[in-house]
Amino acid sequence: EAGVAQSPRYKIIEKRQSVAFWCNPISGHATLYWYQQILGQGPKLLIQFQNNGVVDDSQLPKDRFSAERLKGVDSTLKIQPAKLEDSAVYLCASSSMPGQGAYEQYFGPGTRLTVT
Amino acid sequence: SQKIEQNSEALNIQEGKTATLTCNYTNYSPAYLQWYRQDPGRGPVFLLLIRENEKEKRKERLKVTFDTTLKQSLFHITASQPADSATYLCALYGSSNTGKLIFGQGTTLQVKP
């Protein structure tokens, strides 16, 4: 079974530029998550999708971050414009539909973003 | 506010010993608690899940306890090996069924041969 795919793996941009990350979840997983992980901290949820719909985006800085999940499969996360404090690893994860007894999340390798 | 605390200092142990990692939480009533392993440059990998009505869960050399009175989970690795060296994250899951996890900051374990 293929895991969660993310690209790019690394990205370096200057502040005020824009950047986009892509995620392809495990086939059949209805729920998709984007996390931000700052060095030395645990992952922090930015946004959670269930199929096409947003379940939770309470910690997404909506003035600069946006995310979409078209057709309930792939997802993109965009930052525009980037700030220095956005330097972090952006992790995508997926899981089966909650309520079906499978609450573990499967993570991709992440995209390491450096904003200079 | 909700808070999850794991030992921020790295845990260094000798190969063959039992490693014990702690996860404490406040202002939260989780329905589930999960433990993940994270290696440098990789995403977290799920290890174990324990429910609020379970006291203990085992999987091979791993054991997790969950004390909802103390608001604490302990994660044990018996007969530790250098390959167990990694950062271990605990994550709490609320009583709603949205699947939202809140992670601790992780504890780095170093097992020396």
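Within every chain, numbering begins at 1; the chains are lettered A, B, ... in the order of the sequence lines, protein sequences first and strands thereafter.
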Visitor: Quick check: closest heavy atoms across B:P44 and A:L91, and the distance to 0.1 Å?
Guide: CD-CD1, 3.9 Å

Visitor: For the OH atom of A:Y35 and the CG atom of B:L101, what is their distance to the nearest 0.5 Å?
Guide: 4.5 Å

Visitor: Considering residues, nucleotides and ligands other than A:K62, do more than 12 of their heavy atoms fall under 6.0 Å from its NZ?
Guide: yes

Visitor: Where is the tightest heavy-atom contact between B:L89 and A:G42, given as atom of each residue plus distance?
Guide: CD2-CA, 4.1 Å

Visitor: Take atom CD of B:E60 as the centre, draw a 6.0 Å sphere, and report whether it contains more than 12 heavy atoms from other residues, nucleotides or ligands.
Guide: no

Visitor: Please determine whether residues A:V54 and A:F21 belong to a single hydrophobic cluster, defined as Ile, Leu, Val, Met, Phe, Trp and Tyr linked transitively by side-chain heavy-atom distances below 4.5 Å.
Guide: yes

Visitor: Just so I understand: if I count every heavy-atom pair under 4.5 Å between each of A:G108, A:C92, A:P43 and chain B, which residue has the most?
Guide: A:P43

Visitor: Nearest 0.5 Å please: distance from the CZ atom of B:F46 over to the CD atom of A:Q105.
Guide: 10.0 Å

Visitor: Would you say A:Q37 and B:Q38 are linked by a side-chain donor-acceptor pair, where the criterion is simply a distance under 3.5 Å?
Guide: yes

Visitor: Hey, what do you get for OH (B:Y32) to CD (A:E104), rounding to the nearest 0.5 Å?
Guide: 11.0 Å

Visitor: Are A:I47 and A:Y106 in one and the same hydrophobic cluster, where Ile, Leu, Val, Met, Phe, Trp and Tyr link if side-chain heavy atoms are under 4.5 Å apart?
Guide: no

Visitor: Count I, L, V, M, F, W, Y as connected when their side-chain heavy atoms are under 4.5 Å apart, and connections chain through other members. Are B:F75 and B:I13 then in the same cluster?
Guide: yes

Visitor: Counting only heavy atoms not in A:K11 (residues, nucleotides, ligands), do more than 12 fall under 6.0 Å from its NZ?
Guide: no

Visitor: Which bit of A:S58 is near chain B, if near means a heavy-atom gap under 4.5 Å: side chain, backbone, both or neither?
Guide: side chain

